[in-house]
Structure formats: structure tokens, C-alpha cells
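Numbers restart at 1 for each chain; the letters A, B, ... are given by sequence-line order, proteins then strands.
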Amino acid sequence: MPELPEVETIRRQLEPDLVGRTIETVEVLDPYFSKPALPREFEGAVEGREIVDVGRRGKYLMLELDDGNTVVIHLRMTGALILIDPEGVENPGDARIYEPDTGSKHLKARFTLDDGGELRFTDPRRFGRGFVANQDELDEYFASRLGVEPLGPDFTVEAMAVMSANRTGPLKSFLLNQKGVVGVGNIYADEALYRARLHPLSTGASMKAEHHEALRDGVVEALERGLDLGGASIDDYRDAKGETGSMQNEFLVHRREGEACHNCGETIVRIVVGGRSTYYCPNCQVKLRKPPKKRKA
DNA sequence: CGCGCAACCTGTCTGC
DNA sequence: TGCAGACAGGTTGCGC
């Protein structure tokens, strides 16, 4: 579910309420959450620690602790982090994730705070994970699987040119691969390609300078729009307050099969790329020619 | 090294 | 009503 805009929305909501708080108790109710670590190991590493910062890298959320360790949480498809303030919540945005009893079907972990509040992790599909790592372990973990932050200074046209140069697979797959640009998932990949007027099946290697710039801009604009709207809630996504985002009301192509392109009126089509549903406008997003083969000098 | 696909899970919806 | 099958925001591991 959550891509960069959704995770960053949650981070911004958690930061002011969590920084400075001490985590008094932790209950891991589903061993899948802390896997491969045992629930007791996870709980023991976190209980009694103060949260000194709330960060994000790609789609990972990070709670930095006062002992140099970091709690890293990935929501995957259906995970949610819900903050229950000390006074409690009287009008839940989604009853399922607010069920207070630990027997609640999808409550997987609960962190109680020293101000009486709680942080809850819920996840119907059980793909979400949390682990504790020190700085060196964290650097190594991210270095081997994450690329450039799209909303940071390193996501330049030149960076896009370099990372896409040898890509012979579809642009859609390239955007989903977190080793290039991080934070883009199935929704924002479709939206970014549409904004860039690039066909999802065009290859990275077939792009020229103008396309590098268009795709860089398309990714940034799609993600920033998502952030402005508090993320996209197709089904499960809720922010830390249990509220939905509204990006789903402004999708340009994603999930709009059979509807008219806002730019040209052509019918939006759906195809499958890399096993993922992919939506685009066949008129606005024209496939690029493959680059000419290199010839011997 | 890059690519394509199955696998990991559960829930919901569609069509017969 | 029941049931099979498709599909869902992500990532990893495997074979090629």
C-alpha cells in the first residue's frame, strides 16, 4: 500500500508526538511482525528507550532511540501505524484499526508511551515488518537495497540518466525497483510515467536527455502531489490519525481503465507489467524506439 | 549484472 | 448461497 507520500505523511504526523516520549512497554502480538527476531527480543530492545527522532528512508519509517539503535518499520501492502493520543480517540476513521482489545484481529504490535498514548501497528495481510538495528547495521541494510531519495538534492537529471542507462526492462519495472529511485510504488509509477508522457513498456536505455528530465520531473511532481493530498487511500491506507488521503480522487491514469485521458480524451488502458496492473494513455504515452545497436568501429 | 516471475499472506469482489 | 478465481499499495529469492 503505502508509497513515499503515504509513509512521509505518517512520519510528519508521528514526529511531534513521539519525539521525547519514552516507550514504556512493547507487545508484539504476531511473531510475523518481528520476524526473524523473536517477539521478546524485539520488545526487550525497545522497552524503556526514549524516541529522539522520527525519520524516513524510502518507504521505511525509523524511530531513532536514545541508545543509538533504530526501530525500522516497513508497512508493505496493508500495514498501518496508528497513534492513539492520551485522551483516546472518540471518532475513529476506521473502526478496525482502533479496536482497543489486544484480541483485535489485525493488531500486530502495540507500543505504550510515557504520556499515556499508544502507537499501534495493524496489518491484515501480515507482510509488514519491524526490526531494531544499530547505525552500522542500518547503513549496510539500506546501502544494499535503496537508491536515491526522489525529493532530495541528489535526484538530478544526471542521476536519472546514469541509473537508467543500462536498463533493458520496462520503465514501469525500473521505477518500482528501489535500487534506483526509492519511494515509488505501483500508483506513483503510473502517475509519473503519464506526467512524463513515457510509455510504461519503453526501456530505460531508450531514453534521451529530454526523457531523463521528463521522467525525473514526473516522479517528483507525482510524489509531491500525493504528499499535498495526504496520500492515496484506495482501500486500506490510513494515516497515523486513522484518516484517508485524497490522492485517489485525482489519479490521472491509475485505476482509470476505460475512462478518458484528461489531456486528449483517449481511453485509458490497463496492461500487466512485471505482474503489476499498469495504466496509461496510449495516445499521450508513446513507446520510444529502441536505441540503435552499437556497431564496430 | 539485469530481468521475469513465483512466493509470501489475507481479504474482497466478480462471475458462474 | 457457495465457490473458484482474480486482484490488491511491496519486497525477496531464484533461475536464466
Student: Of the candidate nucleotides dT10(B), dG2(B), dT11(C), which contains the atom at the shortest distance from the side chain of His106(A)?
Tutor: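 Selected nucleotide (nearest to the side chain): dT10(B).
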Student: Give Gly274(A) one of three labels, base, sugar-phosphate or nothing, depending on what nucleic acid heavy atoms sit under 4.0 Å from its own.
Tutor: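 If one applies the 4.0 Å heavy-atom cut-off, Gly274(A) turns out to touch nothing in the nucleic acid.
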Student: Looking only at side-chain N and O atoms, does Thr168(A) come under 4.0 Å of OP1 or OP2 in dC3(B)?
Tutor: yes
Student: Do Glu6(A) and Tyr188(A) meet the criterion of a side-chain donor-acceptor pair at a distance under 3.5 Å?
Tutor: yes
Student: Okay, side chain of Glu50(A), backbone of Arg21(A): is any donor-acceptor separation there less than 3.5 Å?
Tutor: no
Student: Any side-chain N or O of Lys59(A) less than 4.0 Å from the OP1 or OP2 oxygen of dT11(C)?
Tutor: yes
Student: The side chain of Asp236(A) is closest to which nucleotide in this list: dC9(B), dG2(B), dG9(C)?
Tutor: dG9(C)
Student: Within the modelled atom types, does a donor on one side and an acceptor on the other bring the side chain of Arg126(A) and the base of dC9(B) under 3.5 Å apart?
Tutor: no
Student: Under the 5.5 Å and 30° test, is Tyr237(A) stacked on the base of dG9(C)?
Tutor: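 Here Tyr237(A) fails the 5.5 Å or the 30° condition.
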Student: What distance, rounded to whole Å, do you find between the two P atoms, one in dC14(C) and one in dC9(B)?
Tutor: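 Taking atom P in both dC14(C) and dC9(B), they lie 15 Å apart.
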Student: Let me know the distance between CG of Leu175(A) and P of dG9(C), rounded to the nearest Å.
Tutor: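 The answer, rounded to whole Å, is 15 Å.
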Student: Hey, is Asp30(A) close enough to Arg126(A) for a salt bridge, meaning N to O under 4.0 Å?
Tutor: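 Yes, Asp30(A) and Arg126(A) are salt-bridged.
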Student: Return the value, rounded to whole Å, for the distance between atom NZ of Lys35(A) and atom P of dT12(C).
Tutor: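 The answer, rounded to whole Å, is 14 Å.
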Student: Report the nucleotide, chosen from dG4(B), dG9(C), dT11(C), that has the shortest atom-to-atom distance to any side-chain atom of Gln178(A).
Tutor: dT11(C)
Student: Show the atom names and distances, to 0.1 Å, of all donor-acceptor pairs under 3.5 Å that link a side chain in residues 54-63 of chain A to residues at least two apart or in another chain.
Tutor:
| residue | atom | partner | partner atom | Å |
| --- | --- | --- | --- | --- |
| Arg56(A) | NE | Glu8(A) | OE1 | 2.8 |
| Arg56(A) | NH1 | Gly58(A) | O | 2.9 |
| Arg56(A) | NH1 | Glu149(A) | OE1 | 3.1 |
| Arg56(A) | NH2 | Glu149(A) | OE1 | 3.3 |
| Arg57(A) | NH1 | Gly147(A) | O | 3.2 |
| Arg57(A) | NH1 | Glu149(A) | OE2 | 3.0 |
| Arg57(A) | NH2 | Gly147(A) | O | 2.7 |
| Lys59(A) | NZ | Val184(A) | O | 3.3 |
| Tyr60(A) | OH | Tyr141(A) | OH | 3.4 |

Student: Which one, dG9(C), dT11(C), dG11(B), comes nearest to the side chain of Ile234(A)?
Tutor: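 Among dG9(C), dT11(C), dG11(B), the one nearest the side chain of Ile234(A) is dG9(C).
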Student: Are Asn166(A) and dG2(B) close enough that a side-chain N or O sits under 4.0 Å from OP1 or OP2?
Tutor: no
Student: Ignoring backbone atoms, test whether Thr78(A) places a side-chain nitrogen or oxygen under 4.0 Å from the OP1 or OP2 oxygen of dC9(B).
Tutor: no
Student: For dG9(C) and Tyr188(A) - does any side-chain N or O of the residue sit under 4.0 Å from the phosphate oxygens OP1/OP2?
Tutor: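 Checking dG9(C) against Tyr188(A), no side-chain N or O comes under 4.0 Å of OP1 or OP2.
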Student: Return the value, rounded to whole Å, for the distance between atom NZ of Lys179(A) and atom P of dC1(B).
Tutor: 9 Å
Student: Between dG4(B) atom C1' and Lys172(A) atom NZ, what is the distance in whole Å?
Tutor: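 Atom NZ in Lys172(A) sits about 15 Å away from atom C1' in dG4(B).
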Student: Check the angle between the aromatic planes of Phe42(A) and Phe111(A) and answer parallel, tilted or perpendicular using the 30° and 60° thresholds.
Tutor: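 Perpendicular: the ring planes of Phe42(A) and Phe111(A) meet at over 60°.
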Student: With the threshold set at 4.0 Å, does a side-chain nitrogen-carboxylate oxygen contact exist between Lys108(A) and Asp123(A)?
Tutor: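 A salt bridge is absent here (no side-chain N lies under 4.0 Å from a carboxylate O).
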Student: Among Phe127(A), Phe121(A), Phe131(A), find the one that has a ring-ring contact (aromatic ring centres under 6.0 Å, His included) with Phe33(A).
Tutor: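 Exactly one pass, corresponding to Phe121(A).
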Student: Without decimals, in angstroms, what is the distance between Arg125(A) CZ and dC7(C) P?
Tutor: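 After rounding, the gap between these two atoms is 13 Å.
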Student: Check whether any side-chain nitrogen or oxygen of Arg76(A) sits under 4.0 Å from OP1 or OP2 of dA8(C), and answer yes or no.
Tutor: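 So the side-chain polar atoms of Arg76(A) never come under 4.0 Å of the phosphate oxygens OP1 or OP2 of dA8(C).
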Student: Salt bridge or not for Glu118(A) and Arg110(A), using N-O below 4.0 Å?
Tutor: yes
Student: Leu176(A) CG to dG9(C) C1': how many Å, rounded?
Tutor: 11 Å
Student: Rounded to the nearest angstrom, tell me the gap between atom CG in Asn177(A) and atom P in dT11(C).
Tutor: 10 Å
Student: If you look at every strand shown and take non-hydrogen atoms under 4.0 Å, does Pro170(A) touch a base, only sugar-phosphate, or nothing?
Tutor: sugar-phosphate
Student: So, is His74(A) near the phosphate of dG10(C), with a side-chain N or O under 4.0 Å from OP1 or OP2?
Tutor: no
Student: Using whole Å, what does the distance between atom P of nucleotide dG9(C) and atom CZ of Phe251(A) come to?
Tutor: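 Distance check: Phe251(A) CZ to dG9(C) P gives 9 Å.
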Student: Check whether any side-chain heavy atom of Leu176(A) lies under 4.5 Å from a side-chain heavy atom of Arg276(A), and answer yes or no.
Tutor: yes
Student: With side-chain contact (heavy atoms from CB on, under 4.5 Å) as the test, pick out the partner of Leu198(A) among Met207(A), Gln285(A), Lys172(A).
Tutor: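 Option passing the side-chain contact (heavy atoms from CB on, under 4.5 Å) with Leu198(A): Met207(A).
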Student: What is the nucleic acid contact for Ser173(A), judged by heavy atoms within less than 4.0 Å: base, sugar-phosphate only, or nothing?
Tutor: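 Counting heavy atoms under 4.0 Å across all strands, no contact is made by Ser173(A).
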Student: For Gly275(A), which contact category applies under a 4.0 Å heavy-atom criterion: base, sugar-phosphate, or nothing?
Tutor: nothing
Student: What parts of residues 134-147 of chain A reach DNA chain C, counting only heavy atoms under 4.0 Å away?
Tutor: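 Under 4.0 Å from DNA chain C: Tyr141(A), Arg145(A).
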Student: Treating a pair as Watson-Crick (purine N1 to pyrimidine N3 plus N6-O4 or O6-N4) or G-U wobble (N1-O2 and O6-N3) with both distances under 3.5 Å, list the stems of 3 or more consecutive pairs that involve DNA chain B.
Tutor: B:2-8 with C:10-16, B:10-16 with C:2-8
Student: Between dT11(C) and Arg129(A), is there an OP1 or OP2 to side-chain N/O distance shorter than 4.0 Å?
Tutor: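 The answer is no; no side-chain N or O of Arg129(A) sits under 4.0 Å from OP1 or OP2.
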Student: Between dG4(B), dG2(B), dG10(C), which one does the side chain of Arg167(A) approach most closely?
Tutor: dG2(B)
Student: Tell me whether the centres of the aromatic rings in Tyr194(A) and Tyr280(A) are closer together than 6.0 Å.
Tutor: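 Tyr194(A) vs Tyr280(A): aromatic centres not under 6.0 Å.
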